[in-house]
Amino acid sequence: QVQLVESGGGLVQAGGSLRLSCAASGRTFSKYAMGWFRQAPGKEREFVAAIGWNTGSTFYADSVKGRFTISRDNAENTVYLQMNSLKSEDTAVYYCAAGRGPFIVTTESGFGSWGQGTQVTVSS
């Protein structure tokens, strides 16, 4: 099992930026796709972004395209989510997830390991 620990969440004003980090351990990190999901109060968990084990492949939800950037540093077993131009709608608990293989997936069932989540709150 891959252990995932998110960090970097917090309170930020609308229009601001925040960078989330996810440190992985316990597996060969570079061979697994990684993803970010989020869950707002009273809403279902939704896909945000994913990156394949090859850093040249990424995919984003329409709601965050052009604003969020997912990246990874395999040497440090860490995946990042750079969030710019934040909106109040981005307020949620953000979860890091490890896929079951090297290819990008966008559904919860495609990820086998999950972090505990980090709270992101965007204020106006």
Side-chain angles (χ1 to χ4, degrees):
Q1 183 180 28
V2 177
Q3 288 79 51
L4 304 173
V5 180
E6 302 98 334
S7 63
L11 176 65
V12 64
Q13 293 185 339
S17 299
L18 206 60
R19 189 195 194 200
L20 305 183
S21 298
C22 174
S25 63
R27 301 277 291 280
T28 303
F29 176 75
S30 64
K31 293 187 176 181
Y32 294 89
M34 299 293 294
W36 287 96
F37 289 75
R38 67 186 182 185
Q39 186 168 26
K43 301 182 68 177
E44 296 182 351
R45 186 179 300 182
E46 65 174 340
F47 169 79
V48 176
I51 185 168
W53 77 270
N54 184 318
T55 58
S57 300
T58 59
F59 191 80
Y60 299 90
D62 289 341
S63 60
V64 305
K65 285 182 180 178
R67 299 189 299 120
F68 290 11
T69 301
I70 187 172
S71 62
R72 66 192 296 166
D73 186 336
N74 290 340
E76 297 185 357
N77 293 337
T78 304
V79 63
Y80 305 94
L81 184 68
Q82 178 66 47
M83 304 183 293
N84 298 325
S85 301
L86 284 162
K87 307 173 182 178
S88 60
E89 305 95 274
D90 296 318
T91 295
V93 176
Y94 283 71
Y95 298 90
C96 177
R100 296 184 173 92
F103 303 113
I104 290 177
V105 292
T106 61
T107 60
E108 291 186 36
S109 62
F111 295 84
S113 300
W114 297 80
Q116 298 183 69
T118 184
Q119 177 70 49
V120 172
T121 302
V122 183
S123 64
S124 60

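Bear in mind the structure is a predicted one, so any value in this text is a computation, not a measurement. For reference, positions follow the sequence shown, starting with 1.
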Q: Do you know the tightest heavy-atom contact between A14 and S124?
A: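 Taking every non-hydrogen atom into account, CB-CA, 4.4 Å.
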
Q: At their closest point, which heavy atom of V93 faces which heavy atom of G117, and how far apart are they?
A: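 Distance-wise, the nearest heavy atoms are CG1-CA, 3.8 Å.
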
Q: Should V79 and Y95 be counted in the same cluster of Ile, Leu, Val, Met, Phe, Trp and Tyr side chains packed under 4.5 Å apart?
A: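 As far as the 4.5 Å side-chain criterion goes, Y95 and V79 are not connected within one cluster.
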
Q: Strictly distance-based, threshold 3.5 Å: is any side-chain N or O of E6 a donor or acceptor partner for the main-chain N or O of C96?
A: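 Side chain of E6 to backbone of C96: a pair is present.
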
Q: Which pair of heavy atoms, one from R67 and one from S85, lies closest together, and at what distance?
A: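 Scanning both residues completely, I find the closest heavy atoms to be NH1-O, 3.0 Å.
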
Q: Check the pair V120, M83 against side-chain contact (heavy atoms from CB on, under 4.5 Å), reporting the backbone distance first and the verdict last.
A: CA-CA 10 Å; V120 172; M83 304 183 293; 3.9 Å; yes

Q: I need the minimum non-hydrogen distance between R72 and W53, along with the two atoms involved.
A: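 Distance-wise, the nearest heavy atoms are NH1-CA, 3.3 Å.
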
Q: Using a strict 4.0 Å threshold on nitrogen-to-oxygen distance, state whether K65 and D62 make a salt bridge.
A: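 Yes, this pair counts.
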
Q: Could you state whether F37 and Y80 fall into the same hydrophobic cluster, counting links through intermediate Ile, Leu, Val, Met, Phe, Trp or Tyr residues with side-chain heavy atoms under 4.5 angstrom apart?
A: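 Shared cluster, no.
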
Q: Which heavy-atom pair separates V48 from Y94 by the least distance, and what is that distance?
A: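 Result for this residue pair: CG2-CE2, 4.4 Å.
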
Q: Sub-3.5 Å donor-acceptor pair from the side chain of T91 to the main-chain atoms of V122, do we have one?
A: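 Confirmed, T91 side chain pairs with V122 backbone.
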
Q: Give a yes or no on whether W114 and F47 share a hydrophobic cluster (residues Ile, Leu, Val, Met, Phe, Trp, Tyr; joining criterion: side-chain heavy atoms under 4.5 Å apart).
A: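 Both belong to a single hydrophobic cluster.
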
Q: Which heavy atom of I70 sits nearest a heavy atom of G35, and at what distance?
A: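 Shortest heavy-atom contact: CD1-CA, 4.5 Å.
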
Q: Looking only at the aromatic ring of each residue, does the gap between the centers of W36 and F68 stay below 6.0 angstrom?
A: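 Distance test on ring centres: not under 6.0 Å, no.
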
Q: Side-chain heavy atoms nearer than 4.5 Å, only ILVMFWY residues, links allowed to pass through others: does that put F59 and M34 together?
A: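 In one cluster: no.
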
Q: Among residues at least two apart in sequence or on other chains, which ones pass side chain to side chain donor-acceptor pair (under 3.5 Å) with Q119?
A: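 Side chain to side chain donor-acceptor pair (under 3.5 Å) check on Q119 returns T121.
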
Q: Do L81 and I51 sit in the same hydrophobic cluster, where Ile, Leu, Val, Met, Phe, Trp and Tyr count as joined when their side-chain heavy atoms come under 4.5 Å apart?
A: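 Yes; tracing contacts between hydrophobic side chains, which count when under 4.5 Å, links both residues.
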
Q: Kindly determine whether V64 and R38 satisfy side-chain contact (heavy atoms from CB on, under 4.5 Å), including the steps that lead there.
A: CA-CA 12 Å; V64 305; R38 67 186 182 185; 4.0 Å; yes

Q: For the atom pair CG (L18) and CG (L20), what is the distance rounded to the nearest 0.5 Å?
A: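 Result: 5.5 Å between the selected atoms.
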
Q: Atom SG in C22, atom CG in L4: separation rounded to 0.5 Å?
A: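 So the gap between those two atoms works out to 4.5 Å.
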
